[in-house]
Number of protein chains: 2
Amino acid sequence: MSRWEPGASGRLRDAAMELYVERGFAQTTVAEIAERAGVTPRTFFRYFADKREVLFGGSTLLQEAMVEALHNAPPAAPPMVAVTAALDSAADFLGGRHDFSRQRQALIKANPELQERELIKLATLASALTDGLRLRGVPDPEAGLAAETGMAVFRVAFDSWATGAGDRELAQVMSDAMGRLSSITQDR
Amino acid sequence: MSRWEPGASGRLRDAAMELYVERGFAQTTVAEIAERAGVTPRTFFRYFADKREVLFGGSTLLQEAMVEALHNAPPAAPPMVAVTAALDSAADFLGGRHDFSRQRQALIKANPELQERELIKLATLASALTDGLRLRGVPDPEAGLAAETGMAVFRVAFDSWATGAGDRELAQVMSDAMGRLSSITQDR
DNA sequence: AGAGTTGATGTCACTTGATGACATCAACGT
DNA sequence: ACGTTGATGTCATCAAGTGACATCAACTCT
């Protein structure tokens, strides 16, 4: 793949993460990241669309995993069951990186710009899940609602897991949240 | 309030909206907005935190209305019923401005930065609703879930209403979406 | 081996968003 | 009149991001 000085992308990512943790996201300049990585600022923007994007490199992979899980769910399964399968695959994808998730979540919570980026990634994910549900034959208003609701569960559960001590499994936290959801939405 | 040339804030808001519609958000510069409003670019940033914020001036009022509706719901009402009351007040707040909402929604959909800002405003709103539910005595995981779920309904319904022809009432669209939600979340 | 190709990087110049420090000016009260 | 006050202008500066073009190492082909 890369030629004579491999890993420029990786060095940039590492340097950025280090600096973000050391002195905070807003207090870190792209010039500093590039310098620590041994490249020019211009090169940074060839690997990352902007300063925030460093923290969201894995979002594409996560989305692909969840959409695939949605696709592999039994054809007869109702929408919310398929969404649950997607959440399970997400738990599988993220469950092993509690320390990293905690650090990342702390950075995001401390900075509005990063919150915005996080939110749009999650929204994109919700949109992908909606499309996946439509592909399963779920009609239009239901597909969107099921996907959005599933992502609401994801947000609540993931934040609780990443912020907390990490003594419980992510999959378990998500399952619990999903269980509570159906009890709540029934009494109205 | 303002002294010798009143309405600088209003002129800036109008000028910005005009330019955003005329040539798009990204293609509009703060210098142009300020020029059309008859002030200095520096003054723009004294009224708006950044270029995007012009489109989100009303979000504080909407949030206050919804939180108040939540507060005024019968104390014995279950969480989702109180959230429904908040959604009704939102429909009341926004229902009369279909043309403006449509234009605004078109601008937002055409620009990722604006989508990000929209999302964080909605997330803040969800957070405020969560707090409001806690104040009603709703315990912690349920409060967050009910609020997030309610906002999911809001997003789906509002987008459908603002993007669509506007032949149906916003309150009706929201009510329908809420109805579909409970049917979906039961069969799992 | 030598020449050209290719893809990643460097260099330079520039626009734009955003902010801090300080000056100014009109209205207001005294 | 005079000083205060609050909004605005002026000036300088930083940082993000981008386009155009040069450069250089590695690879290919003969």
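Below, read A as the first sequence line, B as the second, and so on, with proteins coming before strands; counting in each chain starts at 1.
Rounded to an integer number of Å, the gap from CG of B:L19 to P of C:dG17 is 12 Å. We find that CG of B:L114 is positioned 13 Å from P of C:dG17, with the value rounded to whole Å. Across the protein-nucleic acid pair, A:E113 atom CD and D:dG17 atom P stand 8 Å apart, rounded to whole Å. One atom, CZ of A:F45, and another, P of C:dT11, lie 16 Å apart when rounded to the nearest Å. The distance from atom CG of B:D50 to atom P of D:dA15 is 19 Å, rounded to the nearest whole Å. Counting to the nearest Å, the P atom of D:dA16 and the CZ atom of A:F44 are 9 Å from each other. The distance between atom CZ of B:F25 and atom P of C:dG17, rounded to the nearest whole Å, is 8 Å. A:N111 has its CG atom 14 Å from the C1' atom of D:dA16, to the nearest Å.
OP1 and OP2 of C:dC22 both lie 4.0 Å or more from every side-chain N or O belonging to B:R42. Within the structure, a side-chain polar atom (N or O) of B:Y47 is placed less than 4.0 Å from OP1 or OP2 of D:dT8. Here B:T43 does not reach the OP1 or OP2 of D:dA7: none of its side-chain N or O atoms lies under 4.0 Å away.
Which of C:dA21, D:dA20, C:dG17 sits closest to the side chain of B:R46 comes down to C:dA21. With distances taken from any side-chain atom of A:V39 to the nucleotides D:dG17, C:dT19, C:dG10, the minimum falls on C:dG10.
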Check residues 122-132 of chain B and write down every donor-acceptor pair under 3.5 Å in which the side-chain atom is one partner and the other belongs to a residue at least two apart or another chain.
from	atom 1	to	atom 2	distance (Å)
B:T124	OG1	B:I120	O	2.8
B:T130	OG1	B:A126	O	2.9
B:D131	OD1	B:R134	NH1	2.9

Name the atoms and distances for all side-chain donor-acceptor pairs under 3.5 Å in residues 53-72 of chain A, with sequence neighbours left out.
from	atom 1	to	atom 2	distance (Å)
A:E53	OE1	A:R117	NH1	2.6
A:E53	OE2	A:K121	NZ	2.7
A:S59	OG	A:F56	O	3.2
A:N72	ND2	A:E68	O	3.4

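Taken residue by residue, residues 28-38 of chain A places heavy atoms nearer than 4.0 Å to DNA chain D at A:T28, A:T29, A:V30.
Between B:F44 and B:F48, the ring planes are tilted. Angles from 30° to 60° get that label.
Between A:R168 and A:D176, at least one side-chain nitrogen of the basic residue sits less than 4.0 Å from a carboxylate oxygen of the acidic one, meeting the salt-bridge criterion. A salt bridge is absent between A:R52 and B:E116: the closest approach of a Lys/Arg side-chain nitrogen to an acidic carboxylate oxygen does not fall below 4.0 angstrom.
In this structure, B:R23 is not positioned above the aromatic face of B:F25 in the sense of NZ or CZ being under 6.0 Å from the six-membered ring centre and within 45° of the axis.
How far CH2 of A:W161 is from CG of A:D167: 11.5 Å, rounded to the nearest 0.5 Å.
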